[in-house]
Amino acid sequence: MANFKEPNIDAKFLKPYDSAGTEEANYSAWEKSGYFNPDISVRKGVTKPDAKAFSIVLPPPNVTGTLHIGHAAMLAIEDIMVRFARMRGMKTLWLPGTDHAAIATQSKVEDIIYKEEKKRRHEIGREELLRRVNEFASKSHDTIVSQTKKMGASIDWSREAFTLDEKRNFAVRTAFKQMYDDGLIFKGHRIINWDPKGQTTISDDEIVYKEEKVKFYYFKYGPFIIGTSRPETKFGDKYVVMHPDDGRYADFKHGQKIDLEWINGPISATVIKDKSIDMAFGTGVMTITPWHSNVDFEIAERYKLDKEQIIDKTGRLLPIAGEFAGQKITEARAKIVEKLKAKGLLEKEEDYTHQIATAERTGGIIEPQIMNQWFIAVNKTFKAKNSKLKGIKKGQEVTLKELMLTVVKNGQTKILPDHFEKVYFNWIENLHDWCISRQIWYGHRIPVWYKKSEKSGEKGGDSVSETYCGVDAPTGDSWTQDEDTLDTWFSSGLWTFSTLGWPDAWDAVTGEAKKGSDLAVFHPTSILETGYDILFFWVARMILMSTYLLGDIPFETVYLHGLVRDGQGRKMSKSLGNIIDPVDLINKYGADAVRLSLIIGTSPGNDLKLSEDKVKGYKHFANKIWNISRFVLSYAGDVPYEENFAKYSEADMKLNEERSALIEEITKEMEEYKFYIVGEKVYQYIWRRFADQILEESRPVLEKGTPEEILSRKQFLQHTLVKMLLVLHPFMPFVTEEIWKSMPVGNKKDFLMLENWPL
RNA sequence: GGGCGGUUAGCUCAGUUGGUAGAGCAUCUCAUUGACGUUGAGAGGGUCAGAGGUUCAAAUCCUCUACCGCCCACCA
């Protein structure tokens, strides 16, 4: 046993692996070296100048708060992709940034201000509010960056972007102008989703439906009985609609006028026959309120009916409501029912459960309103300026919707797991024009200016005598810029190329990126990794913007990860108190353990259940590797490492083949993004095979074998440790890098992360 | 109402083009001052939700059913 007592190794191996004590130093050494930046890697000779590019944009976290464990999972997956690509010699760029998140951030800051100072936004003023929001955003940003670094993300910070910075603003104005000129962005009076709480419009996607139990009332409406859950909207109802085939109402003719007694006195109602009516629902008859209902609006459009506003922007009844004018709809409802009852018009009431539309960010109950807003037309044709899209030629007449469908249908952009392609198609097919104007202050101002006429009227609306849309403000006096800002997803839709230098790096004449620019080298990006919950919000919008503005896809592959849930499968939320802060876990178990626990046992598109025990288990694994290294270094580290050792014993030859086969297998799986399988296989091999069996068997060999056998085994152990550190590095960068420092390997590059993937 | 998933060991989940079921954790038994504060060896445990079909062969392909989950959708 004498030769076993040669612990000529770093003293650090005599203690268990100390993640907390080594992670920070390793990260700052990586960062300082500049190798996260592909340009520096090329300059220093680590990456070949003509190497294939691998690029990925970080889905920019919202500056509304700090990173949660879901972000940690995202960072872990992306860092694996990035480190793997880098180790394969690719010109690798991972580009970071943050998202201003418009409504989300502004409403959060407004909440804080109201809580602390009892002041509303109009009491604070545009300038001061923006100052406060920026201050908040900047704090959030700093926290996010430091959390990201703790995870070990090998990100190129020199290229960091923000969706609301100068360059991105220029990109937004340029994109807007082009869409405006093509007629794809237009302003019009349409029915939109009004959030009375946030005092802004929101897009269809920003609505969340909540179940609500209400009363469903039946009222006498002349000869009819109509059903409604919203009596407060019924003041202006003067059209009564039924199905043309409904035999119960065959005696009434389309267009027929009927005088009847209603809430505030006698009115004249007109009969409308329309096929959209469900004969089986209620009495099969309804009255319509086109100003405050999408369906009613469509019916009114079909027959050119009058539309009247009943409810104002703050949710109060207008003068048309007579004695109820000025009341909040929530208060007025019961009183109106009371009055109708008193007039003998209430037939009956029932309990009713329905889905109520609310604003995702403020929780306000959506009130549809007809308003003059900006939209992106998804069904309008235009001529494609240039196209690298399969099946679409330059100059061809297309719609945005067609572009969005085409690139996924023809496989230019693949979505993983692939069943989400069906979800994507389903969404696109039901897509309506996208309302992009918001009545909030935090965001990109709409690059449109108006000259007002003498007549008074709604600003930016009817009183306008001249409209100008441009990247920059028009010259001359008396121009006023549109007050509104853009939906936050407009700027994030440009993210893959606005971060790479578009539009400066773009040659509009040739329809190509300028040679040598980031845009030319790194776009389309290789892969987009994000949560399935923003497939519509973001992924689809990026496809829209990129296919339209560049005539190219934004990314070749979309990898959708699932949500991280707690050990019992519940969503993490403040009220449940089950939120896990990734930094707490890292401090306790190390970033490597956290990363691995977010990878193994997950698969793309499926939610992941995370318990602290799981993380703990992988902390044990990090320590296991540490001790394996200690063993190999003390018992086999005394012979010089030979990269191409040719004199393996027969037994070691077999072991070598086994290990090569494993590496070949996992390389293929890495290319297929099956990180959960690779992680598990490497775990199995290292612990169950290498440590439990091979190392155990090595004792007698090293003790009693011939000199040749001993040398062979020592080489094999060193080789295997080196290769395992390499393949494990993308998963567990810290512990592997730390061990690597002590490996007696010649010709080492500056870091393990720069070494070549073994194959 | 429309769409998409899931159902495999006590728990969490793998299972690549069909070839008599796997891992981690948990449980039980034994060993252990040996690189391992975080160790090893072994064991038990599953008619793969149910029914039918295709096939020499089905967890895997097809049809139906049941239950669970998610997304979309203003039956007023």
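Chain naming here is simple, since letters A, B, ... match the order of the sequence lines and numbering starts at 1 in each. Reckoned from all heavy atoms, side chains included, excluding hydrogens, waters and symmetry mates.
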Phosphate OP1/OP2 of B/rG15: any A/Y676 side-chain N/O under 4.0 Å: yes
A/N430 side chain near B/rA73 phosphate (N/O to OP1/OP2, under 4.0 Å): no
Base B/rA23 paired with A/R688 side chain (donor-acceptor, <3.5 Å): no
Dot-bracket encoding per residue of RNA chain B, Watson-Crick/G-U cut-off under 3.5 Å, | denoting interstrand: (((((((..((((.....[..)))).(((((.......))))).....(((((..]....))))))))))))....
Residue pair A/I80 / A/M670: nearest heavy atoms and the distance that separates them: CG2-CE, 3.8 Å
A/K674 side chain near B/rU16 phosphate (N/O to OP1/OP2, under 4.0 Å): no
Side-chain-base donor-acceptor pair under 3.5 Å for A/K624 and B/rC36: yes
Touch class at under 4.0 angstrom, heavy-atom based, for A/S629 against every strand present: nothing
Ionic contact status for A/E664 with A/K668, cut-off 4.0 Å: no
Pairwise P distance, B/rU29 and B/rG69 [rounded to whole Å]: 39 Å
Sugar-phosphate only, base, or nothing, as touched by A/D533 at under 4.0 Å among non-hydrogen atoms: nothing
Distance, C1' atom - from B/rU60 to B/rG6, rounded to whole angstrom: 15 Å
Distance, C1' atom - from B/rC56 to B/rU20, rounded to whole angstrom: 13 Å
Ion pair check, A/K12 and A/D18, cut-off under 4.0 Å: no
Between B/rG18 and B/rC61 - P atom distance, rounded Å: 8 Å
Sugar-phosphate, base or nothing in reach of A/G284, heavy atoms under 4.0 Å: base
Phosphate-side-chain proximity, A/Y424 and B/rC71, N/O vs OP1/OP2 below 4.0 Å: no
Short side-chain N/O contact to B/rU38 OP1/OP2 from A/W687, under 4.0 Å: no
Neighbour count above 12 (heavy atom, 6.0 Å) for A/E212 CD: yes
Same-atom distance (C1') from B/rG50 to B/rU7, integer angstrom: 11 Å
Sugar-phosphate, base or nothing in reach of A/I226, heavy atoms under 4.0 Å: nothing
